[in-house]
Amino acid sequence: MRPEILIMALVVGLANWCFRALPLRARLHELPPDSPLARFLGATGPAAIGTLFVASVLPYARSADSPRAICLLAGVGAVIAAFAACRSVVVATLSGAVAYGVAFWLLSPVA
Amino acid sequence: MPKPPSERELTGQDAATTTTPGREFLAGLYAALPIALGYLPIAFAFGVGARGVGLSVVEAFGLSLIIYSGGAQFLALALIGAGAPLLVQIFTLVAMGLRHLLYGPALLRGAGGDAARRHAWAWAWGLTDEVFGAALGRLARGGRFSEAFMFGLGLGAYAAWVSGTVAGAVAGSEALQGWPSFAAGLGFMLPALFLALLLSILSRAQLPVLAVAGAATVVVTLLWSGTAGLLAGMIAGAVAGVLQGTLLARKGDNAA
C-alpha cells in the first residue's frame with residue numbers, strides 16, 4: 001500500500017471513528033442546540049453532502065450530450081422515487097444506478 | 001444447547017424474551033441482512049472503481065477496512081483520480097464524515113438515558129448511515145437497545161462491505177469492458193449515493209445551507225477548479241448554517 005494512500009486512509013478512518021464513537025462518550029446530545037459549535041456541527045454535514053452531490057452531478061449537467069442528460073434525469077428520478085417509497089439510502093442508490101444503466105442501454109445507439 | 005431465537009426475537013418485536021447477549025448478537029446479524037444485500041453491489045462498484053483509478057487490490061481492501069464509509073471512499077477515488085493534494089483529500093473526506101457526529105447522540109436519545117454504552121468505542125465503528133437507520137428502526141418498533149445487537153448489526157454490514165470491495169477489486173475495471181451499460185450504471189453510483197444521503201437528511205431548515213453550498217460549488221468550480229469548488233461549497237454552507245442560526249436566535253430574542 002502506497003504511503004500517501006495509507007496516510008489518507010488512517011487519518012480519515014480515525015476521524016470517522018471519532019465522529020461515530022466520541023459523541024457517545026462526550027454526551028454531545030446534551031450540547032445546547034443554540035451554541036456556535038452545535039450550529040457549526042449541524043451545518044457542516046448537510047453542507048458537505050450538498051456540495052458533494054452538486055460536484056458529482058456537475059460533469060453530467062455540463063455535458064452537451066442530450067442522451068447523457070436523459071440518463072441523468074432517469075437516475076435522479078429513480079433515486080427520488082425509491083427514497084420516497086422506502087426511505088432507504090441503499091435501495092435509492094441502487095435504483096438510481098439501475099435506472100441510469102437501463103436508460104444508457106436503451107439510448108446506446110445514440111449515446 | 002441454547003434454543004435458537006424466534007423470528008419475533010430476531011426482528012426485535014419481542015423485547016421481553018430477547019435478553020441474552022448471544023441472542024441479541026444473532027438478532028443484530030439478522031437485521032444486517034438487508035443492509036448487506038444492499039452493500040455488496042455498491043462495495044463491488046467501489047472495488048471496480050478503485051482498480052480503475054490505479055489502486056491495487058490491497059489498497060482498495062485497505063480503504064474499505066480502514067475508512068468504512070461509502071460516500072467518503074467513492075469521493076476518495078474521485079480525488080485520487082483528479083490528482084488532488086493529500087491535504088485536500090483529507091480535509092474533504094473528513095468534512096464528509098461530520099454527519100456521523102449526530103448519529104450516536106440520536107441513537108442514545110431513542111434508547112433512553114440509561115442505555116449501556118460501555119463498549120460503544122467498539123460498536124460505534126460500524127455506525128454507518130444504514131446501520132444507524134436500522135438500529136433506530138428497531139427502537140421505533142418497540143425493540144430494546146443492546147450493545148450485543150449493535151455488534152451483530154455492525155459486523156454483518158462491515159463484512160459485506162469489505163468482502164464486496166475485494167470481489168470488485170479482484171474482478172478489476174477490465175471486467176466491465178464488455179458491459180458498457182453496467183459500467184455506466186456503476187459510474188452513476190456516486191451521484192446516486194450522494195443524492196440519497198442528501199434526501200435522508202433533507203429538512204426545510206437546511207435548505208439555505210444546501211442552496212449556499214450548491215451555489216458556491218458551481219461558481220467556484222466553473223471559475224477555478226473542481227477541488228476548490230468542493231472546499232468553497234463546504235465552507236460556505238457551514239458558515240451559512242452558523243449565520244442562519246444566529247439570525248434566527250436574534251429574531252427570537254427581539255420577538256420576545
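Everything numeric here is computed off the predicted structure, so don't read it as measured data. Every chain is numbered from 1 and lettered A, B, ... according to where its sequence line falls, protein lines coming before strand lines. Atom set for the values below is all heavy atoms of this structure, side chains included, hydrogens, waters and symmetry mates excluded.
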Among B:Gly241, B:Ala205, B:Gly237, B:Ala184, who wins on heavy-atom pairs under 4.5 Å with chain A? B:Ala184
Looking only at heavy atoms and a cut-off of under 4.5 Å, which of B:Val218, B:Ile42, B:Leu199 has the most pairs with chain A? B:Leu199
Does any backbone or side-chain atom of B:Leu87 lie under 4.5 Å from a heavy atom of chain A? Answer side chain, backbone, both or neither. neither
Chain B heavy atoms under 4.5 Å from A:Leu10: which part of the residue, side chain, backbone, both or neither? both
Return the minimal non-hydrogen interatomic distance between A:Glu4 and B:Leu86, and the atom names on each side. O-CD1, 3.5 Å
Which word best sums up how the rings of B:Phe74 and B:Phe46 line up, parallel for under 30°, tilted for 30 to 60°, or perpendicular for over 60°? perpendicular
What part of B:Leu75 gets closer than 4.5 Å to chain A, counting heavy atoms only: side chain, backbone, both or neither? side chain
Between chain A and each of B:Ala238, B:Ser181, B:Ala213, count heavy-atom pairs under 4.5 Å; write down the option with the most. B:Ser181
Under 4.5 Å from any heavy atom of chain B, what part of A:Arg87 do you find: side chain, backbone, both or neither? neither
For B:Ala124, is there any backbone N or O sitting under 3.5 Å from a side-chain donor or acceptor partner on A:Arg20? no
Tell me, side chain or backbone of B:Phe182 under 4.5 Å from chain A's heavy atoms, or both, or neither? neither
Is there a side-chain contact between B:Leu55 and B:Val53 in this structure, where contact means two heavy atoms from C-beta onward sitting under 4.5 Å apart? yes
Only pairs of heavy atoms separated by less than 4.5 Å count here; which of A:Ile7, A:Val102, A:Leu58, A:Val79 has the most with chain B? A:Val79
Give a yes or no on whether the backbone of B:Ser69 and the side-chain of B:Gln73 come within a donor-acceptor separation of less than 3.5 Å. yes
With a 4.5 Å limit on heavy-atom distance, are the side chains of B:Phe145 and B:Met150 in contact? yes
Looking at B:Ile66, B:Leu210, B:Leu195, B:Val209, which has the largest count of heavy-atom pairs under 4.5 Å with chain A? B:Leu195
Among B:Ser200, B:Ala76, B:Ala72, which has the most heavy-atom pairs under 4.5 Å with chain A? B:Ser200
Is it true that B:Arg117 and B:Glu147 make a salt bridge, defined as a side-chain N closer than 4.0 Å to a carboxylate O? no
Contact leader toward chain A among B:Gly214, B:Gly233, B:Ala215, B:Ala192, where contacts are heavy-atom pairs under 4.5 Å: B:Ala192
Among A:Gly75, A:Ala103, A:Ala97, A:Gly96, residue most engaged with chain B (heavy-atom pairs, under 4.5 Å): A:Ala97
Less than 4.5 Å to any heavy atom of chain B: does that hold for the side chain of A:Val98, its backbone, both, or neither? neither
Kindly indicate whether the side chain of B:Leu93, heavy atoms from C-beta on, has any atom under 4.5 Å from the side chain of A:Val11. no
A:Ala15, part contacting chain B, at a heavy-atom distance under 4.5 Å: side chain
In terms of the angle between their ring planes, are A:Tyr100 and A:Tyr60 parallel, tilted or perpendicular, with boundaries placed at 30° and 60°? perpendicular
At a heavy-atom separation under 4.5 Å, does B:Thr246 approach chain A through its side chain, its backbone, both, or neither? both
Name the region of B:Leu222, side chain, backbone, both or neither, that has any atom closer than 4.5 Å to a heavy atom of chain A. side chain
For residues B:Tyr158 and B:Thr128, is any side-chain donor paired with an opposing acceptor at under 3.5 Å? no
So what's closer than 4.5 Å to chain B heavy atoms on A:Ser95: side chain, backbone, both or neither? neither
Which bit of A:Leu14 is near chain B, if near means a heavy-atom gap under 4.5 Å: side chain, backbone, both or neither? neither
When every non-hydrogen atom of A:Phe53 is compared with those of B:Leu198, the smallest separation belongs to CD2-CD2, 3.9 Å
Heavy-atom proximity to chain B below 4.5 Å, by part of A:Val76: both
What pair of heavy atoms forms the shortest contact from A:Ala78 to A:Ala99, and how long is it? CB-CB, 3.4 Å
